[in-house]
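Numbers restart at 1 for each chain; the letters A, B, ... are given by sequence-line order, proteins then strands.
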Amino acid sequence: MSLQRILRGFLLALVVGVIVAALSAQFSVFKKLVAPAINVINAVPIASFTLLALMAFHSSQLAVFIAFITVMPIVFYNTIKGIENTDKKLLQMATLFDVPQYKKIFYIYFKTVAPYVVSAATVGIGFAWKSGIAAELIGVVRGTIGANLHTARIFLNTADLYAWTIAIVLLSYLMERAFRFFFSKVVTWKSL
Amino acid sequence: MEISLKNICKSYDDPPQKVLDGLSFTFGDGFTFIMGASGIGKTTLVNIIAGFVKPDSGEIIGMEGKKVSMVFQEDRLLEWETALTNVTFVKKEREYATRLLTQAGLGDSLHKKASELSGGMKRRVCLCRALIADYDVLILDEPFKGLDTELKPIIMQMVKEHAHGIIICITHDPAEAEFLGRDGSANMVLDAQ
């Protein structure tokens, strides 16, 4: 249950983070509107968000929301950096030749931005797990790793506590490996 | 077809330098060569025509609606893509691109990444890319730079065969201008101001 929810939050953050960054790079007005909101999201403690979210959503969606809110700013900032570092002379060349926007994205931006997104995602996976589990623990969401940690804490069951912690580390590691494997396949396909 | 430059002026601040001072010229169909010492504003001039640089004053008449193709001073290739993809990137005509690259002596390197090509080979890919594009104005900024003496006439012949419209060519070599402009192209010589 935790894996599925944290994965959903993480993937949603990845997609939304990249799209919002792309729109911000394209439209300065959009960036002016969105950047302060993302700065605020980045600064607010996870515990505050969790408590606010508990009042707004059903607790089953808590981990999805918290993982999303934690990872999205990381993806956003990294993607923006990648877009800004894209070779301007190549973009100028593509513009001169009237190359359509989708080709610019596929052939030029992808190459520069991809390593930034991968780096953000790799860091983000760890954060998604930390924040998602913390949210489940605060919200005591039934049938989740967070709730099991909560139970272990109440009964001072150190063995369970260690076991769940190791499980979280393993799941986070496996998720990161799976993401890297998937991305290496995408890059290989792109290079064909 | 013509493009006219009227009193084009351009200065740079760092270091302070006036590169173009009231330049007026009319480019017509065929080759026009821009020659002159390094740093006198040849590339600045073609960048103004291509629309990359804004002149301080003056106007360009006749560029409205015209498509520009260019061999840049630097290669500006997608280093991670193949020679063929670099050419089809600007126009999806695989057969024509293959023909051009083969004519440029790159038939065996179609599927090699640009990063694996030598300087001269990259230059030839740039030329093929510029020639395959749709254009009215073709700008060639030292297009034969880095080509060996045996290959140069073959590539110049290829350019002569395929290039059309208004062709503006920066070169340091009067022999290149003579070879390409045998059919009576105008010669423009930019002097240090």
Exercise. Look at atom CZ of A/F49 and say whether more than 12 heavy atoms of other residues, nucleotides or ligands are closer to it than 6.0 Å.
Key: yes
Practice problem: Tabulate, in ascending numerical order, the residues of residues 48-68 of chain B having at least one heavy atom closer than 4.5 Å to a heavy atom of chain A, or enter 'none'. | Solution: B/A50, B/F52, B/K67, B/V68
Exercise. Tell me, for B/F89 versus chain A, whether the close heavy atoms (under 4.5 Å) come from the side chain, the backbone, both or neither.
Key: both
Practice problem: State plainly whether one hydrophobic cluster holds both A/F30 and A/I19, where clusters connect Ile, Leu, Val, Met, Phe, Trp and Tyr through side-chain heavy atoms under 4.5 angstrom apart. | Solution: yes
Quiz item: Heavy atoms under 4.5 Å from chain B: which residues of residues 65-101 of chain A carry them?
Solution: A/K89, A/L90, A/Q92, A/M93, A/A94, A/L96, A/F97, A/D98, A/V99
Self-check item: N/O donor-acceptor pair under 3.5 Å between B/W80 side chain and A/I108 backbone
Solution: no
Self-check item: Path from A/V64 to A/L54 over hydrophobic side-chain contacts below 4.5 Å
Solution: no
Practice problem: Flag yes if B/L5 and B/M1 sit in one hydrophobic cluster, no otherwise; membership is Ile, Leu, Val, Met, Phe, Trp, Tyr, and two members link when side-chain heavy atoms are under 4.5 Å apart. | Solution: yes
Quiz item: If you count the non-hydrogen atoms of other residues, nucleotides and ligands that lie under 6.0 Å from NZ in B/K6, is the total more than 12?
Solution: no
Quiz item: Does a sphere of radius 6.0 Å around CD in B/E74 hold more than 12 heavy atoms from other residues, nucleotides or ligands, not counting ones at 6.0 Å or beyond?
Solution: yes
Exercise. Please check if atom OH in B/Y12 has more than 12 non-hydrogen atoms from other residues, nucleotides or ligands closer than 6.0 Å.
Key: yes
Practice problem: May I ask whether A/V15 and A/V34 are part of the same hydrophobic cluster, defined by side-chain heavy atoms of I, L, V, M, F, W, Y residues being less than 4.5 angstrom apart, directly or through others? | Solution: yes
Self-check item: Heavy atoms of other groups near B/D148 CG, more than 12 under 6.0 Å
Solution: yes
Quiz item: Should the heavy atoms of other residues, nucleotides or ligands under 6.0 Å from CD of B/E161 be counted, would the total exceed 12?
Solution: yes
Quiz item: Applying the 4.5 Å side-chain criterion to the ILVMFWY set and letting contacts propagate, would A/I145 and A/F127 be lumped into a single cluster?
Solution: no
Self-check item: Positions in residues 149-162 of chain A that reach chain B, provided some heavy atom is under 4.5 Å away
Solution: none
Donor-acceptor pairs under 3.5 Å, side chain of residues 139-146 of chain B to any protein atom, not counting sequence neighbours: which ones?
| from | atom 1 | to | atom 2 | distance (Å) |
| --- | --- | --- | --- | --- |
| B/D141 | OD2 | B/T43 | OG1 | 3.0 |
| B/E142 | OE2 | B/H172 | NE2 | 3.4 |
| B/K145 | NZ | B/Q73 | O | 2.6 |

